[in-house]
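Structure record follows, encoded as structure tokens.
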Amino acid sequence: MLELIPFLLERLGIMIILAFILAQWGPTRRLLKQPEAGWQFSVLVLFFATYGILSNYTGVKVNLAEFSSHTWLEEVEGTSAIANTRTMIVVISGLLAGPVGGTITGILVGLHRYSLGGFTAFACALSTAIAGGISGMLRPYWRDRLGSQALLPICLAGFLMVLEMSLILLLSKPFEAAFELVQFIFLPMTLINVLGVWLFLSIIRLAAREEESVRAREAERSLHIADLTLPQLTRGLNSKTAEAVATVLLEQTLANAVSLTDRSVILAHVGVGSDHHRAGAHWTTRPTEHVLTDGALRLVTDRNEIGCPKHDCPLHAGIIAPLTIGAATVGTLKVYYPHPESLDAVEVELIEGLAKLFSTQLALGNAERQAGLLKDAEIRALEAQVHPHFLFNAINTIYALCRTDVERARVLLLELSTFFRSNLQGARSAKIPLQKELEHIEAYISLEAARFPNRPFVDIDLAEGTEHLLVPPFILQPLIENAFLHAFLPNQTGYVGVTASIIGEQLLLEIVDNGQGIEKERLALLGREVVPSTGTGTALFNTAERIRSLYGQQGTFLIESPLEDGTKITMHLPIETGKELPYAYDSN
């Protein structure tokens, strides 16, 4: 009987190879945790049934004292039988796929064994079907399916081999031939099937542990990256936070370059290619445009697909993921790798997960900033009402005019009242008519002109029908104030123009001055982040941020300022109409 073992070990080798293939199959791993999984369950049962039938065909043909192992078995005649690993396959099928899967596999493999014939055909077919059902029913008791507890499968395989031999003795005729066959094949088949069950499950267990280990490492890496980057993103998506995030990602991933963009320019680029992919420049890659358009992640595996105009650009492959706030795509996270082979599933899943995490943090930070901006607007308005310098200067000016120009003093008192009432009402309203915002501006200009006669000339031009359109409060006055403070040299007489018109379905607001302009480096930051200033440094940033938050992609805020050639601020807002609000001209 021992001479049968080497031939069965040969069959076991085939089983081990297929076990490795099965262990790398994702559905198998998922079925270990969820045996009822639709089409995956059907495929798994079909796999085991096919594997069991293959075991029947490649088994060792035994005819008492002699046997053959080198032919494809299509028929077993007379008192011949088959020694194979059929039972092992059915046991594993039941343990992995449950009672339904095990029973189906057992019946299919058993029927095929019966079709091959031989005096043990019926006994072998019956024992195979029973083995599948029993293995499946014991699945719930196989508590540690991927752990070290292998005693149940080993004992189960041994028991089922005893059952098969018993059925052969009970059901196969003649009894003498059945008895002699059992004596010859019982020990080799039991050893090989038990060993096969242990090896097969060990391979699957190791593969699952490897996957869990990889996932644990990636989860740890993701959390570490998130811990380093999320505090930056709470401050919004700008050049400083983008550079900090990109630097962390470059250090913590396999990438050789990391870039973040908003919808118009590169906010930061670290790593290779930074000589021409510079912060503040327009992004030049076609895939970036596609991601910003459809909001879907893209893999780039070819330099030509990247589309960089520099022919020797070192960026060869990368992952471009959208950064979103709500339903709007506000930017991209671009992670470049030295070779397309580096874009494995682990890296793609990591970058996609980080992009979603960054998007969530941007949304939360945006909500916090909007609450802060609204509060800032209210505080700014209240401060303006009691600001010592502004209030004292205005009162002193009016006091002086009371001696020389009583009528002018009376007008300025009314303007001061209008200015403070406008501040108070604006702080309480989400939208106000454009006319009321301009009245606020005119009150401010009158008070400033009384103090400084050489203040720039301000011209306000409203197109017909725009005066009642709704705009956010304080959207123009801070910009006029900003022009007064920063656009002109001391004692320079200048011009500031404010125009409003309707272009298509949008309200166009323009503030133009003929001042000294803005340096290119400073211009790249204005409106995108708070910049150092002699004032609070927030006027342009707050206005741009409020437009982005209130209108999303429907609103725009653009600053154009050639050095020494003036500044032009353009805002496009969706047209909103409403009944004119009662506006703080009451006694309350």
Side-chain angles (χ1 to χ4, degrees), residues 221-222 224-226 228-230 232-233 235-324 329-359 362 520-525 528-529:
R221 183 163 63 136
S222 298
H224 180 61
I225 293 174
L228 295 174
T229 57
L230 294 188
Q232 301 291 336
L233 293 174
R235 296 183 291 165
L237 189 61
N238 55 57
S239 58
K240 291 182 179 179
T241 60
E243 184 175 4
V245 170
T247 301
V248 170
L249 287 179
L250 186 65
E251 294 173 351
Q252 299 295 326
T253 64
L254 302 176
N256 62 353
V258 177
S259 179
L260 283 92
T261 77
D262 60 13
R263 292 194 63 85
S264 57
V265 299
I266 298 172
L267 297 176
H269 184 102
V270 296
V272 301
S274 57
D275 59 325
H276 59 285
H277 292 274
R278 297 178 179 176
H282 186 273
W283 39 260
T284 56
T285 59
R286 289 188 298 271
T288 302
E289 182 178 3
H290 296 156
V291 172
L292 288 170
T293 300
D294 58 26
L297 180 140
R298 268 181 168 72
L299 302 183
V300 182
T301 58
D302 183 78
R303 178 191 295 178
N304 294 329
E305 189 178 357
I306 292 177
C308 180
K310 189 171 182 179
H311 70 279
D312 58 346
C313 179
L315 304 179
H316 291 185
I319 305 168
I320 304 179
L323 299 175
T324 61
T329 301
V330 297
T332 63
L333 167 63
K334 304 194 287 186
V335 184
Y336 295 101
Y337 296 85
H339 306 288
E341 293 77 10
S342 302
L343 301 180
D344 57 27
V346 173
E347 286 296 306
V348 173
E349 186 175 349
L350 172 67
I351 301 305
E352 184 176 17
L354 287 174
K356 292 179 180 178
L357 191 61
F358 292 169
S359 297
L362 286 172
K520 185 177 181 181
E521 294 75 16
R522 188 177 183 85
L523 182 62
L525 303 178
R528 300 181 184 277
E529 55 188 85

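With contacts defined as side-chain heavy-atom distances shorter than 4.5 Å, the pair Val335/Leu354 does not qualify. No side-chain heavy atom of Leu357 sits less than 4.5 Å from a side-chain heavy atom of Ile225. Taking 4.5 Å as the limit, every side-chain heavy atom of Tyr336 sits out of range of all side-chain heavy atoms of Val272.
Evaluation of the ring pair (Phe, Tyr, Trp, His ring centres under 6.0 Å) test over residues 241-270, restricted to residues two or more places apart or in two chains, returns His269-His277. Legend: salt bridge (Lys or Arg N to Asp or Glu O under 4.0 Å) pairs involving residues 245-255, not counting sequence neighbours: none detected. Identified under the salt bridge (Lys or Arg N to Asp or Glu O under 4.0 Å) test for residues 265-277, with sequence neighbours left out: Asp275-Lys310.
With sequence neighbours left out, Arg263 forms a side chain to side chain contact (heavy atoms under 4.5 Å, CB included) with Leu292, Thr329, Gln553. With sequence neighbours left out, the side chain to side chain contact (heavy atoms under 4.5 Å, CB included) criterion links Thr241 to Gln232, Arg235, Asn238. Residues forming a side chain to side chain contact (heavy atoms under 4.5 Å, CB included) with Ala279 (at least two apart in sequence, or on another chain): none. Residues meeting the salt bridge (charged side-chain N to carboxylate O under 4.0 Å, His left out) test with Glu347, sequence neighbours left out: Arg221. Evaluation of the salt bridge (charged side-chain N to carboxylate O under 4.0 Å, His left out) rule for Glu349 yields Arg215 as partners, not counting sequence neighbours. The side chain to side chain contact (heavy atoms under 4.5 Å, CB included) check on Leu250 picks up Val258, Val270, with sequence neighbours excluded.
A donor-acceptor pair under 3.5 Å links the side-chain atoms of Ser259 to the main chain of Ala268, judged by distance alone.
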Inset, instruction - Check step by step if side chain to side chain contact (heavy atoms under 4.5 Å, CB included) holds for Leu315 and Val300. - result: CA-CA 10 Å; Leu315 304 179; Val300 182; over 6 Å; no

